[in-house]
Amino acid sequence: MSSIRFLRTFVAAARGGSFAAAADQVALTQAAVGQQMRALEAEMKKTLFDKTGRTMVLSPAGHLLLPRAEELLAQYESMRRDLQDQRQIAGTIKLGSLISAMGLLSSTLAQLKSLHPNLEVELRVREQTQLMQDVVSGELDAAVVVERQWPEVPGLLWTPCYDETLTVIANSGIAAPDTSIASLFASQPFIRFDRRTPTGARIDRILRRLQLVPKEFLELNSLLAIAELVRKNVGFTMAPLLKNFDWESDPALCVLQLPGRPIARRLGMLENGRRSHITGVVREEMLAHLRRMKPGS
DNA sequence: AACGAATGTTGCTGCTCACG
DNA sequence: CGTGAGCAGCAACATTCGTT
């Protein structure tokens, strides 16, 4: 079966005047060049070289083939260059994220920036509902959000990326791995994640289901601020274990699993589809980044 | 993992040409 | 005319790669 390589060898032989010269140029042995040329002649059903003794010249069919082979090789090279250029993406995209996903997203974007220096990213931190509206309206090209029922909008693309398990997080001064969750709820002030957010509302439903009645102390709409207050032992909380923040290794914090089957929220990327050639690259880089991370971190 | 096709190398033979 | 150099062809074997 002939190929671009065979044509390249043919051109080298035609220009070099011998199979030996062609072999030098295309880094093969003379025997391999001869085999390729015989295969090419069989494919074309024509003799391409006239050999009289040690001299070898192009046959009429060879003369006909040479310029066309060179043209084909030039087109092939041009096609290859174009594809290589396309791998570099450029332009500006508007990305949104929940503040809690910023840790992961920022390290993803840092990696992306080194791969695509001409890519500019405008990053907006907003809450879930606003992010969803902005992606649908086109205000944002894509956003990292918690999984929900999405509206039926043409082009809207949802890709689940990772799960965050709901846990109880307390200061290590008041809790150890064997501390019962019920005793924390009975004795310690509770810092609640804003019930107006979908995740906060879900935490509220779980508390009811587990019949845990907290000693309400504060209600905040920032998981990072809540974590900081827990570090200062202002109270304890129930919150998703955020990716890329490594609270489990934090000596000031004690992370406790909820009883029963683990409950998680699913995060992913919502793209509005209009600039999917760029947002797709961000999505794939984020997935690759997640694969590189050690499990559970 | 096994298999087969494609493709390559190695080592040889034979032909031609240039030169003494 | 004998001989060595240069070249192509052939057969055997090795390697790579895709498929089953």
Side-chain angles (χ1 to χ4, degrees), chain A residues 1-90 104 107-108 110-119 142 155 157-163 266 268-269 271 273 275-297:
Chain A
M1 186 182 67
S2 67
S3 68
I4 288 289
R5 285 183 308 118
F6 285 24
L7 289 177
R8 191 172 285 131
T9 305
F10 166 73
V11 170
R15 295 289 173 209
S18 74
F19 288 1
D24 268 351
Q25 197 180 325
V26 299
L28 289 176
T29 59
Q30 171 272 320
V33 169
Q35 284 171 25
Q36 285 191 3
M37 292 308 95
R38 278 190 295 284
L40 192 60
E41 285 179 331
E43 172 109 358
M44 299 293 159
K45 297 185 173 69
K46 288 281 178 190
T47 304
L48 299 173
F49 298 97
D50 286 332
K51 291 145 207 161
T52 48
R54 275 167 51 184
T55 58
M56 184 194 75
V57 292
L58 279 179
S59 70
H63 276 295
L64 205 64
L65 181 62
L66 181 60
R68 304 188 70 168
E70 287 177 321
E71 191 184 330
L72 207 60
L73 286 172
Q75 278 183 15
Y76 179 75
E77 287 306 318
S78 157
M79 181 187 76
R80 236 162 47 100
R81 270 196 307 276
D82 287 351
L83 286 175
Q84 273 169 357
D85 289 347
Q86 266 199 356
R87 279 189 227 149
Q88 280 279 336
I89 56 169
L104 174 71
S107 42
T108 298
Q111 173 69 16
L112 208 59
K113 190 71 186 166
S114 68
L115 290 173
H116 306 283
N118 296 324
L119 177 67
L157 174 67
W158 165 250
T159 308
C161 295
Y162 62 98
D163 292 341
R266 176 157 290 174
M269 185 165 280
E271 298 162 64
R275 310 193 68 202
S276 58
H277 65 292
I278 302 183
T279 56
V281 172
V282 179
R283 179 214 320 137
E284 290 309 311
E285 182 52 38
M286 190 159 91
L287 288 169
H289 189 77
L290 284 163
R291 283 193 293 273
R292 286 194 295 268
M293 287 169 74
K294 63 179 195 287
S297 65

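Quantities reported herein were computed from a predicted structural model and do not represent experimental measurements. Chain identifiers are assigned alphabetically (A, B, ...) following the order of the sequence lines, protein sequences preceding nucleic acid strands; residue numbering begins at 1 within each chain.
- In this structure A:Pro160 satisfies the side-chain contact (heavy atoms from CB on, under 4.5 Å) test together with A:Trp158, A:Arg266, sequence neighbours excluded.
- Nucleotide B:dC15 holds its P atom 18 Å from the CZ atom of A:Phe19, rounded to whole Å.
- With sequence neighbours left out, the side chain to side chain donor-acceptor pair (under 3.5 Å) criterion links A:Ser107 to A:Asn244, A:His289.
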Please list, for nucleotides 8-12 of chain B, all pairs of protein and nucleotide N/O atoms separated by less than 3.5 Å.
residue: B:dG8; atom: OP1; partner: A:Arg5; partner atom: NH1; Å: 2.1
residue: B:dG8; atom: OP1; partner: A:Gln36; partner atom: NE2; Å: 3.4
residue: B:dG8; atom: OP2; partner: A:Gln36; partner atom: NE2; Å: 2.9
residue: B:dT9; atom: OP2; partner: A:Thr29; partner atom: N; Å: 3.1
residue: B:dT9; atom: OP2; partner: A:Thr29; partner atom: OG1; Å: 2.9
residue: B:dT9; atom: O4; partner: A:Gln35; partner atom: NE2; Å: 3.0

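- Within the structure, every pair that satisfies the ring pair (Phe, Tyr, Trp, His ring centres under 6.0 Å) test and touches residues 11-41 of chain A, not counting sequence neighbours, is listed here: A:Phe19-A:Phe49.
- What separates CZ of A:Phe49 from P of B:dT16 is a distance of 19 Å, to the nearest Å.
- Residues forming a side chain to side chain donor-acceptor pair (under 3.5 Å) with A:Glu70 (at least two apart in sequence, or on another chain): A:Arg15.
- For A:Glu271, the side chain to side chain donor-acceptor pair (under 3.5 Å) partners at least two apart in sequence or on another chain are A:Thr279, A:Arg283.
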